[in-house]
Amino acid sequence: MVILKKIVIMTQYNNSNCSGIVKFENFAGRTSCFVRILGLKGEGVICIKCGDDTMYCGKIFDGEKSFNAWYDLNRTLQIVVVADGSIVCTGSNKGRFSPNAMMLDIHRYFATISQAADNAVFVKQTQVQNQEKQDTRIVEDRHESVYQEKLQEQQSEQPVIEPISDRVEEQPQAKQSAKESAKAKPAPEKKKVKTETAEPFYKKIEESLAKLFEAHEKDEELTLLIPNSKWARVPVEGDGYYVVGVIENDGVPDIICYGVPDKDSSNPPQNSSDCRQWMELEKGGRGYWMMYQSAMSGVTLTTSVI
């Protein structure tokens, strides 16, 4: 009977004052993980990778949690904790590492939550629309029923006027004409309710984005740094520029990104309250002030995804 144990010390990132430990214990193919993070403000997300495999990515837990996963002590364990849109602490059994490579898993987690919220809103709207259609059909059916009853009453009460000499012969024909006239009268046309299909936000701007990527220089640095993404530099007056990027998930646009370059994180943009999420490229140095947008709903995301 072999029990594998490993403790990873979590150290602060960017002066966050967060630290802690993550302890692993593996027995019979089942991994038990104990997490304790100190100095964490608010809710956070933790991503745990063993080699190239993601063992867990989701809401941080305090205490013990079990996984149906096997970890190998010879493989690299890497752990990242994110809170309030920023990385607050990291840990590994093989020394320091760049946490940016793990942010794709984290931004997928946030995108999944955002999509679940969008789907819940869409389902609610669909239920309301279906109920409105059902109520409309009930009212229309009632109006149709009342109309037919009134029509039959009028036909039964209306006298048939005919010449006295031809009354015996023409009376059946007159009654038949009245019935045919009643049948020939068209029923009121029911209102048709137009069904609208929700269209993803990126479909509405797909053509504009394609023209933008064709017209401007590709940003190779960000394209290589962030998996499943493409970026373009859009020049502005003078020597400045900003970047536009699209991050895909299984070939479908997932996150639309906008970034303004800066030498460090000391001076956030004052003209946009949305473009305030710092993405660092060099330790303590240059990076981008970012704004993220859901490609499905178009809603601005308030949590960093890169």
Side-chain angles (χ1 to χ4, degrees), residues 1-113 221-229 247 249 265 277-287 303-306:
M1 182 182 300
V2 179
I3 300 177
L4 301 178
K5 296 184 179 181
K6 188 68 180 179
I7 296 178
V8 177
I9 304 298
M10 303 295 291
T11 58
Q12 67 174 352
Y13 189 85
N14 282 348
N15 299 319
S16 65
N17 293 323
C18 286
S19 60
I21 64 168
V22 177
K23 181 172 65 175
F24 297 90
E25 183 175 299
N26 191 289
F27 172 70
R30 185 174 181 82
T31 300
S32 175
C33 182
F34 178 88
V35 174
R36 180 60 50 84
I37 303 298
L38 304 177
L40 185 66
K41 298 180 180 179
E43 295 185 351
V45 171
I46 185 170
C47 183
I48 305 173
K49 298 196 72 170
C50 180
D52 294 330
D53 300 325
T54 301
M55 295 177 63
Y56 176 82
C57 183
K59 186 176 179 180
I60 196 169
F61 52 92
D62 186 18
E64 189 171 340
K65 189 177 184 67
S66 297
F67 309 99
N68 290 320
W70 176 270
Y71 77 92
D72 185 348
L73 294 181
N74 294 320
R75 300 174 70 185
T76 301
L77 288 167
Q78 294 179 339
I79 308 169
V80 170
V81 175
V82 173
D84 293 331
S86 302
I87 300 173
V88 294
C89 61
T90 61
S92 173
N93 65 339
K94 296 292 179 69
R96 297 176 61 85
F97 69 100
S98 174
N100 289 331
M102 298 176 63
M103 293 306 293
L104 180 61
D105 291 312
I106 295 176
H107 98 255
R108 283 177 177 168
Y109 168 77
F110 283 113
T112 300
I113 294 177
E221 181 182 33
L222 291 176
T223 302
L224 292 175
L225 178 64
I226 302 169
N228 303 319
S229 72
I247 302 175
N249 185 6
S265 61
Q277 302 180 55
W278 179 248
M279 181 179 72
E280 186 178 70
L281 297 182
E282 296 178 356
K283 180 69 174 178
R286 67 185 183 94
T303 304
S304 294
V305 296
I306 298 179

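When reading the values below, keep in mind they use all heavy atoms of this one structure, side chains included, and skip hydrogens, waters and symmetry mates. Numbers here are sequence positions counted from 1.
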Quick one: pull up [atom1] in [X] and [atom2] in [Y] and give me the separation to the nearest 0.5 Å.
{"X": "I226", "Y": "I247", "atom1": "CD1", "atom2": "CD1", "result": "5.0 Å"}
{"X": "M279", "Y": "R286", "atom1": "CE", "atom2": "CZ", "result": "9.5 Å"}
{"X": "N14", "Y": "S265", "atom1": "CG", "atom2": "OG", "result": "7.0 Å"}
{"X": "I48", "Y": "L77", "atom1": "CD1", "atom2": "CG", "result": "8.5 Å"}
{"X": "Q12", "Y": "C89", "atom1": "CD", "atom2": "SG", "result": "9.5 Å"}

field: NZ or CZ of K6 within 45° of F24 ring axis and under 6.0 Å
entry: no
- prompt: Is it true that the NZ or CZ of K283 lies under 6.0 Å from the centre of Y13's six-membered ring and within 45 degrees of the ring axis?
  reply: yes
Taking all heavy atoms of [X] and all of [Y], pick out the closest pair and write down the distance.
{"X": "C50", "Y": "M55", "answer": "CB-SD, 3.6 Å"}
{"X": "L222", "Y": "S229", "answer": "O-OG, 3.8 Å"}
{"X": "M102", "Y": "F97", "answer": "SD-CE1, 3.7 Å"}

- prompt: Stepwise, does the side chain to side chain contact (heavy atoms under 4.5 Å, CB included) test hold for T76 with N93?
  reply: CA-CA 6 Å; T76 301; N93 65 339; 4.0 Å; yes
field: side chain to side chain contact (heavy atoms under 4.5 Å, CB included) between V35 and K23, worked out
entry: CA-CA 7 Å; V35 174; K23 181 172 65 175; over 6 Å; no
message: If the test is side chain to side chain contact (heavy atoms under 4.5 Å, CB included), which one of I87, V80, I46 qualifies with I106?
response: V80
Indicate yes or no for a side-chain donor-acceptor contact from [X] to the backbone of [Y] under 3.5 Å, with no hydrogens or angles considered.
{"X": "T54", "Y": "Y56", "answer": "no"}
{"X": "N17", "Y": "G39", "answer": "no"}
{"X": "S92", "Y": "Q78", "answer": "no"}
{"X": "R36", "Y": "I21", "answer": "no"}
{"X": "E280", "Y": "G284", "answer": "yes"}

Evaluate the side-chain proximity of [Y] to [X]: yes if any heavy-atom separation is below 4.5 Å, no if none is.
{"X": "I79", "Y": "T90", "answer": "no"}
{"X": "N249", "Y": "N228", "answer": "no"}
{"X": "V88", "Y": "V82", "answer": "no"}
{"X": "L38", "Y": "C18", "answer": "no"}
{"X": "Y109", "Y": "K59", "answer": "yes"}

field: Within 6.0 Å of CD in E43, more than 12 heavy atoms from elsewhere
entry: no
message: With side chain to side chain contact (heavy atoms under 4.5 Å, CB included) as the criterion, how do I7 and V22 come out once you've worked through the C-alpha distance, each side chain's angles and the decisive distance to 0.1 Å?
response: CA-CA 6 Å; I7 296 178; V22 177; over 6 Å; no
Sidechain N-carboxylate O distance under 4.0 Å for D53, R75: yes
